[in-house]
Amino acid sequence: MAEVSAGLGTGRASVGAILDFAWTASEFTATEAMAGTSLTRSTAIDAIDTLVGAEVLRELPNARATGDYRAGRPARRFALSPDLGVVIGVDAGDTHLAVTVADPLDRTLVHHRTELDPTQSAEARRATIVERMQAARSEAGVDADHVLAVCVGVAAPVDRDGISPPHPQGFWERTNPGLAAALHDWAPVVEVKNDAQLAAIAEGTLGAAQDCRDYVALLASERFGGGVVVDGHVLHGAHGGVGEGVVFDHIVGVGSAFGLRYALQDQARAAVESGEAATDGSLGRLVADGTVEPRLVLTLAASGDPDALRVAERVGATVARVVGVLGSMYDPARVIVCGAVAESVEPVLAAARRILPAELHLPAPEILASSLGAEVVSVGAVATARRAAREHAVPLLAARRLRTTA
């Protein structure tokens, strides 16, 4: 409530309280608003009428108009205006770009996911991201001044100003090519965040950590990276580097920050090349085709194929080592494996669960597969933009409209 009231200025605490209540109340009456805010009836009604006048709330047809009226005076009902604006969430991964335009509450208006060329220059990548965002906004039929908040997830550590530190090979500068500056004028609130941190927000908002205060969302498809939540707070760090995957380059038994896609491919090829897996078996034929699709390896393992199960067991040992490091560092109750690979990764996780207790002295965290699939970062970006709209952009919008109508 403090954030809302601050945006509305001195003397607007009751208006802020009603606006804060309206976000979670859907449709409501003045009596329900009184109960939810502890305001007196007259104060609640005055605040509601103020927000209706500013077109931040709208008054709905009463019970008589909707045919639900029985007896007595029908109660007035209210809801947030559907015309407040939109939020934009972006998942700008190394090899993909997803742009989502959504309303501030629960509806997705436009969502597009496309592939990106990982060799693209920083300048070209920045131009592509801005172009795709403009196209999505246009498709949603939204003017530039109706964007309330923007959140972009990138495959790099990001400080609180949206800037990534330099990387020895320039990777972070390319994956976050000055987006905070490029998008500064897009909305009252523009945030650039690490993709794993957004995955953690997604899991806590809609995923497997909704009832958990201590967990790690482990992005694992392309590269390992952890979004860490301790005592209900997403950990950040001075440069946004908490959970950065480069640590796994130095862990015996992991050896690289490259994720499960590459681990599955490498182990499948190694099994066939060593003769452990028959070249005329199902796994051997996958390897002979040239491109080892990790999902097909996992499908074979789930069906009981012995060669694929051995691959899953070995990759599971890698996951157990990764989770063991995270468990020793952050003591999570859960580690949620996220990304496109999550929907079929159960054979690997089953092996990891058996191996994990030997990897750490603390009680082993529960290992779960995310249900949010490849869109987990997009979900987190939209959730973060919606929170920014609720806490900052809409109160500022309300304050501006109230000054105009005063």
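All heavy atoms count here, side chains included; hydrogens, waters and symmetry mates do not. Keep in mind the model is a prediction, meaning the values are calculated, not measured.
Distance check: Leu218 CG to Cys338 SG gives 7.0 Å after rounding to the nearest 0.5 Å. The CD1 atom of Ile45 sits 11.5 Å away from atom OG1 of Thr50, with the distance rounded to the nearest 0.5 Å. Separation of atoms CZ (Arg401) and CD (Glu55) is listed at 6.0 Å; rounding is to 0.5 Å. Here the straight-line distance linking atom CZ of Phe78 with atom CD of Glu27 works out to 11.5 Å at 0.5 Å rounding. Here the straight-line distance linking atom CG of Asp331 with atom CG of Leu326 works out to 11.5 Å at 0.5 Å rounding. In this structure, CD1 on Ile201 lies 3.5 Å from OG1 on Thr384, to the nearest 0.5 angstrom.
The aromatic rings of Phe28 and Phe21 sit perpendicular, their planes meeting at an angle over 60°, well past the 30° parallel limit.
In this structure, Asn176 contributes its side chain and Asn194 its backbone to no donor-acceptor pair below 3.5 Å. With hydrogens and angles ignored, the 3.5 Å screen pairs a side-chain donor or acceptor of Arg125 with a backbone N or O of Arg174. In this structure, Ser164 contributes its side chain and Pro157 its backbone to a donor-acceptor pair below 3.5 Å. Side-chain atoms of Asp103 come within 3.5 Å of backbone N or O of Asp106 as a donor-acceptor pair. Not a single donor-acceptor pair under 3.5 Å links the side chain of Tyr215 to the backbone N or O of Gln210. At distances below 3.5 Å, at least one donor-acceptor pair connects side-chain atoms of Ser221 with backbone N or O atoms of Val341. Proximity of a side-chain donor or acceptor of Glu173 to a complementary backbone N or O of His167 within less than 3.5 Å is detected. Using modelled atom types, no side-chain atom of Glu366 and backbone atom of Arg334 make a donor-acceptor pair closer than 3.5 Å.
Using a 4.5 Å cut-off on side-chain heavy atoms (C-beta onward), Arg58 and Pro82 make contact. Residues Val230 and Asp214 meet the side-chain proximity criterion, which asks for heavy atoms closer than 4.5 Å. Using a 4.5 Å cut-off on side-chain heavy atoms (C-beta onward), Glu313 and Ile355 make contact. Counting heavy atoms from C-beta outward, Arg137 and Met133 have side chains that stay 4.5 Å or more apart. Side-chain contact check for Glu375 versus Thr100: every heavy-atom pair is 4.5 Å or farther apart. Taking the side chain as every heavy atom from C-beta outward, Leu116 and Asp94 never approach each other to under 4.5 Å. Between Leu349 and Arg353 the shortest side-chain heavy-atom distance falls below 4.5 Å. Pro104 places a side-chain heavy atom less than 4.5 Å from the side chain of Leu148.
Here Glu391 pairs with Arg387 in a salt bridge; the nearest charged N to carboxylate O distance falls below 4.0 Å. A salt bridge is defined here as a Lys NZ or Arg NE, NH1 or NH2 lying under 4.0 Å from an Asp or Glu carboxylate O, and Asp266 with Arg314 fails to meet this definition.
Between Leu179 and the options Val154, Val158, Val90, a side chain to side chain contact (heavy atoms under 4.5 Å, CB included) holds for only Val154.
Arg126 and Ser121 share no side-chain donor-acceptor pair at under 3.5 Å. Thr128 and Gln120 share a side-chain donor-acceptor pair at under 3.5 Å.
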Practice item. Start with the C-alpha distance between Val376 and Leu219, add both sets of side-chain angles, then the distance that settles side-chain contact (heavy atoms from CB on, under 4.5 Å), and finish with yes or no. Key: CA-CA 9 Å; Val376 63; Leu219 281 180; 4.0 Å; yes

**Study point:** From CA spacing to verdict: side-chain contact (heavy atoms from CB on, under 4.5 Å), Met34, Thr29
**Key:** CA-CA 9 Å; Met34 289 166 51; Thr29 64; over 6 Å; no

Check your understanding: Which is it for Arg113 and Asp91 under the side-chain contact (heavy atoms from CB on, under 4.5 Å) test, yes or no, and what are the steps along the way?
Key -> CA-CA 9 Å; Arg113 185 181 181 92; Asp91 172 13; 3.9 Å; yes

Point to revise | Worked check of side-chain contact (heavy atoms from CB on, under 4.5 Å) between Trp23 and Leu105 | key: CA-CA 8 Å; Trp23 282 99; Leu105 289 172; 3.6 Å; yes

Exercise for review: Assess whether side chain to side chain donor-acceptor pair (under 3.5 Å) is satisfied between Glu139 and His112, documenting all intermediate values.
Suggested key: CA-CA 11 Å; Glu139 183 176 338; His112 290 303; 2.6 Å; yes

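Taking each heavy atom of Ala389 and Val87 in turn, the nearest pair found is CB-CG1, 3.9 Å. Listed here is the closest heavy atom pair of Gly237 and Arg160: O-NH1, 3.2 Å. Shown here for Val379 and Ala202, the closest heavy-atom pair between the two residues is CG1-CB, 3.7 Å. Taking every heavy atom of both residues into account, Gln197 and Val242 meet most closely at NE2-O, 4.5 Å. Minimum interatomic distance between Leu198 and Gly153 (heavy atoms only, all atoms of both residues): CD1-CA, 3.4 Å. Taking every heavy atom of both residues into account, Pro61 and Arg77 meet most closely at O-NH2, 2.7 Å.
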Please table the atom pairs, donor to acceptor, closer than 3.5 Å between any side-chain atom in residues 300-311 and protein atoms at least two apart or in another chain.
from   : atom 1 : to     : atom 2 : distance (Å)
Ser303 : OG     : Leu300 : O      : 2.7
Asp305 : OD2    : Asp307 : N      : 3.2
Asp305 : OD2    : Ala308 : N      : 2.8
Asp307 : OD1    : Arg310 : NH2    : 2.3

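Atom CZ of Phe171 has more than 12 heavy atoms from other residues, nucleotides or ligands within 6.0 Å.
Remark: Asp195 pairs with no residue by the side chain to side chain donor-acceptor pair (under 3.5 Å) rule, at least two apart or across chains.
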